[in-house]
Amino acid sequence: MVDALGVAVVGFGWMGRVHTQAYARVRHHYPHLPLRPELVAVAEEVPGRAEEAAERFGFASATRDWREVAADPRVHAVSITAPNFLHREIAVAMAGAGKHIWIEKPVGLTARDARAVADAVAGAGVQGSVGFNYRNAPAVEAARDLIAAGEIGTVTHVRIRLFSDYAAHPEGALTWRFERERGGSGVLGDLASHGADLARFLLGEIASLTADTAVFLPERARPTAAAAGHSRAAGGEPGPVENEDYVSCLLRFASGARGVLEACRVSVGEQNNYGFEVHGTTGAVYWDFRRMNELGVSRGTAYQDQPVSTVHVGPGHGEFAAFQPGAANAMGYDDLKVVEAHRFLRSIAEGTPYGATLTDAVHSAAVLDAMTRSAERGAWVAPELPG
């Protein structure tokens, strides 16, 4: 028996569309899932966008006010893909209304915001999943298993990079993403949040860190109309960029390992250059998002001049078998969101968390807050989990 589950999406930019498509596809890849998501409602404040989404994707209703979604008894689960500054308010309200939530990172502007959402979810007895999609790549899960099994010895150091050019054009519009009050911590929340999650997912807790940040494009033009994504706004009234374009961070893990995390949103020539290199006492493992289905692995007893092999992930790695029948058949970005959708819905069906949780979001946000404090003080600091 498959039960229908009414779902809604709040915020219908690119990520809202990705969540919607994941709901539509999830039972194709996971036919034994005991829940069937039904697209009940979509909320988006930009005029006409919710109605367009309803017509295109088949939502039963559309609204500009997310509060109508919270009050809708047909809705049992909600994807929250609105701008960062709305995350806490919407998520707390949805949990209070008894809705399960699948929320995009960074879950608010601070670790306190993430903690407030986590507490609301726990208090309401609902499930909460977070959009740390890169950990869902089968190659990343394979790397984690390999590290945990001691295949590269004791981990000594890691480098995590997240370089992109989505904000590199000087005519990029001064949207909410570049404002401290609405966007929060710039590239920290946008990209480094993924890096902090990957670091913890692969190697465990971060004990202390020291960070440096910079704004390389200090002024942008304000948009004269509703802006979507990373729109251009040439000729608009100029305004200041209030949050970071770039961060570099040295990490010390509780295990004793060391790390470097670097992220930039204005890296000309870089398009989604995300990845990591983890080194151990007897080997290493490498992953590049642009070659998502490959893992570089060096292991053995040679130490010096030890070769690196390319492993093409296959049905034995992570969730690969739900998408492809054999190794080297490529999965893509949207597939990672289908994996997330499955884990979210499975959490609801079984009452047990699967995948990235709000606890993971709180830990990631605490690392971002520590980066901000470190950059301000010019000192090593320890991430502090809010009470």
Side-chain angles (χ1 to χ4, degrees), residues 105-115 117-118 130-137 140-141 143-148 150 152-163 184-213 243-244 246-264 274-281 284-287 289 353 355-387:
K105 55 83 208 162
V107 188
L109 305 182
T110 65
R112 289 192 179 279
D113 285 350
R115 173 64 77 190
V117 175
V130 181
F132 287 127
N133 42 266
Y134 298 110
R135 62 155 65 191
N136 298 329
V140 173
E141 295 191 320
R144 187 193 196 202
D145 292 344
L146 186 149
I147 292 165
I152 62 170
T154 300
V155 173
T156 53
H157 60 101
V158 60
R159 184 169 74 97
I160 299 172
R161 68 188 185 282
L162 299 110
F163 298 145
S185 55
V187 76
L188 273 69
D190 221 15
L191 294 180
S193 57
H194 283 298
D197 181 67
L198 283 173
R200 183 168 172 265
F201 182 70
L202 294 169
L203 303 183
E205 302 299 340
I206 296 169
S208 62
L209 60 84
T210 184
D212 182 38
T213 62
N243 52 30
E244 307 85 357
Y246 170 84
V247 61
S248 61
C249 185
L250 299 179
L251 307 170
R252 291 174 179 166
F253 291 86
S255 66
R258 297 299 196 262
V260 177
L261 192 162
E262 192 176 15
C264 185
Y274 309 152
F276 57 75
E277 301 96 42
V278 182
H279 294 268
T281 52
V285 59
Y286 311 85
W287 181 71
F289 170 65
T357 67
L358 285 159
T359 297
D360 297 311
V362 172
H363 279 268
S364 174
V367 171
L368 303 187
D369 285 1
M371 289 181 186
T372 300
R373 293 198 311 275
S374 174
E376 290 171 349
R377 300 174 187 176
W380 284 87
V381 301
E384 297 175 0
L385 295 176

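Worth knowing before you read on, the calculation uses all heavy atoms, side chains too, and leaves out hydrogens, waters and symmetry mates.
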If we ignore hydrogens and angles and just use 3.5 Å, is the side chain of [X] paired with the main-chain N or O of [Y] as donor and acceptor?
{"X": "S374", "Y": "V381", "result": "no"}
{"X": "D369", "Y": "T110", "result": "no"}
{"X": "R258", "Y": "G256", "result": "yes"}
{"X": "R112", "Y": "P386", "result": "no"}
{"X": "S364", "Y": "S193", "result": "yes"}
{"X": "T210", "Y": "L250", "result": "no"}

Between [X] and [Y], is any pair of side-chain heavy atoms under 4.5 Å apart?
{"X": "S248", "Y": "V260", "value": "no"}
{"X": "S255", "Y": "L203", "value": "no"}
{"X": "R373", "Y": "E384", "value": "yes"}
{"X": "M371", "Y": "L209", "value": "yes"}
{"X": "Y134", "Y": "V140", "value": "no"}
{"X": "C264", "Y": "V187", "value": "no"}
{"X": "H363", "Y": "L385", "value": "yes"}
{"X": "D113", "Y": "V107", "value": "no"}

Provide the closest heavy-atom pair for [X] versus [Y] in the form atom of the first, atom of the second, distance.
{"X": "G195", "Y": "L162", "result": "CA-CD1, 3.7 Å"}
{"X": "S185", "Y": "G189", "result": "OG-N, 3.3 Å"}
{"X": "A111", "Y": "A366", "result": "CB-N, 3.8 Å"}
{"X": "L358", "Y": "A118", "result": "CB-CB, 3.8 Å"}
{"X": "F276", "Y": "V278", "result": "CD1-CG2, 3.9 Å"}
{"X": "A263", "Y": "L191", "result": "CB-CB, 4.2 Å"}

Who pairs with [X] by salt bridge (Lys or Arg N to Asp or Glu O under 4.0 Å), at least two apart in sequence or on another chain?
{"X": "R135", "result": "D197, D360"}
{"X": "E277", "result": "R159, R161"}
{"X": "E141", "result": "R343"}

- What class does the angle between the rings of Y286 and H279 fall in, given that below 30° is parallel, 30 to 60° is tilted and above 60° is perpendicular?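 Answer is perpendicular, since the angle exceeds 60°.
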- Query: At what distance, to the nearest 0.5 angstrom, does CZ of R200 lie from CG of L251?
  - Reply: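 Those atoms lie 13.5 Å apart.
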- Query: Between CG of L202 and CG of D145, what distance do you get to the nearest 0.5 Å?
  - Reply: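 It is 10.5 Å, given to the nearest 0.5 Å.
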- Message: Is the distance from the ring center of F253 to that of H157 below 6.0 Å?
- Response: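 No, they do not, as the ring centres are separated by 6.0 Å or more.
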- Evaluate the side chain to side chain contact (heavy atoms under 4.5 Å, CB included) criterion for residues L261 and V367: first the C-alpha distance (whole Å), next the side-chain angles of each, then the deciding distance (0.1 Å), finally the verdict. CA-CA 11 Å; L261 192 162; V367 171; 5.8 Å; no
- Report the C-alpha distance between I160 and H194 in whole Å, list the side-chain angles of each, state the deciding distance to 0.1 Å, and finish with yes or no for side chain to side chain contact (heavy atoms under 4.5 Å, CB included). CA-CA 10 Å; I160 299 172; H194 283 298; over 6 Å; no
